[in-house]
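Notes follow once the structure below has been shown.
Counting starts at 1 for both ligands and their atoms, following the listed order.
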Amino acid sequence: QLVIWRIVQLPMLLIPPFLISLGAMTAELSRDTLGASRLARELRESEHRLQLAAKAAGAGLWSWDAASGRVWATEQARTMLGLAPTGEVDADDLFEIAASDDTAVRAALRRALKQGGEHRVQFRVVVPGNEMRWIVAQGLVELDLEGKPQRVRGVLRDVTQQRRAEDEANELRRKLWHVGRVTMLGQLSSALAHELSQPLSAIQHNAEAARRLFMREPLDLEELRDIVDDVLRDNGRAAAVVQRLRSWFKHGQLHSETIPLIELAQDVLALVRADATGKHVKIDCTVAYELPPVVGDRVHLSQVLLNLVMNAMDAVVGTSGARRHVVIEARVGLNGYCEVSVGDSGPGIPPDKLEQIFDPFCTSKTAGMGVGLSISRTIIEAHGGKLWAENGAAGGATFRFTVPVQSTELMCTV
Ligand code: ADP
């Protein structure tokens, strides 16, 4: 007051009340300034941390602010989009990069900008050097009160490798499907030739026997009738094979029925007995009558057993002067399956070929087709069972297959 009344001559700035309020204001201001600089430091720190995390995750971050109209993007995001590492970027540029050749992406982005909220799009970018990249963009659009986009934040991920792997897997799947189908068709036609060869050669033998019989005097009508019956039976067998394979091919289905294993073994024994006697091979069948019947396709299962027994006979005949012995056995296995085995006293199978012999056209025989085992495996697998080969400790090979004893619907995809 004294200074104001000019009784005391002093500069206004130096009077105590002014100095006190100035000091208080300065203290307050410095506290705010310090707080602001601490906040700025923390903000920079968390921004660095975020960028580091995004870089480690291979993600690029970007945002757009309506107020400033500017786009901010990390180095990673710029590289992904094929943009220069520095320099201004326009929101329209970003939109054009993402939606340049894809109307679906364009529509999705427009919808997100209109409705707000989260969005996720996948688009292609051709970066300098003509390299094509697949990018997944995930983002959040914030709208203002008038419903106009105010801020957009997003994360970009380069999924080119993943996309390439997916394309390759699809291509591989397509090729496999094709190969599988061709193999299946090849197997079916080979199966037809293979399965028909047995009854056709039996018919041939019987026809030759009948011709020889006609030359004899007096004509043995009884024997002739037997031969004609055999021809009719073999013809029926051939017709059944064709019919069954045709229906399998057509519907991808096997004809399922209940078959006592002993019947299956006897059917096969009846077919090979003459051949076995001629080749001096002893066949033992120890299939018990009391075994539960199996469920499956009679023609196909007997074809598998016949093929295994004929292979076993070929194997023992190949051995010089050794015991020529083939054993057919069957037993109830686990989980409602029966296991049938055909063992022989032949040379066995080289250990490295135990799996290979099931491949189509794998044969060691001069006149072999090498399809019998592969077809047999297809048939057994179509019945839900397994077919494999083993070598016995005392020599020789044993082939085993399993077939279900319960009633199940047999399906096979052709
Ligand atoms: P193929 O009889 O026309 O050769 P398979 O598919 O039935 O066709 O058999 C493939 C191969 O498996 C035979 O050529 C043979 O080398 C081998 N093989 C099959 N059964 C036996 C067996 N019991 N003992 C030894 N080798 C066998």
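The local environment of CD in E42 is crowded, with over 12 non-hydrogen atoms from other residues, nucleotides or ligands closer than 6.0 Å. Annotation for K365: atom NZ counts as buried by contact number, over 12 foreign heavy atoms lying within 6.0 Å.
Annotation: side chain of F399 is in contact with side chain of L373 (closest heavy-atom distance under 4.5 Å). Between W64 and V141, every side-chain heavy-atom pair lies at or beyond the 4.5 Å cut-off.
One finds the CE atom of M80 at 9.0 Å from the OG1 atom of T160 (value rounded to the nearest 0.5 Å).
E222 and R225 are joined by a salt bridge, as a carboxylate oxygen and a charged side-chain nitrogen come within less than 4.0 angstrom of each other.
Protein residues having a heavy atom under 4.0 Å from any atom of ligand 1 are N307, N311, A312, A315, D344, G348, I349, I357, C362, T363, S364, K365, G368, M369, G370, V371, G372, L373, A397, F399, listed by chain and number.
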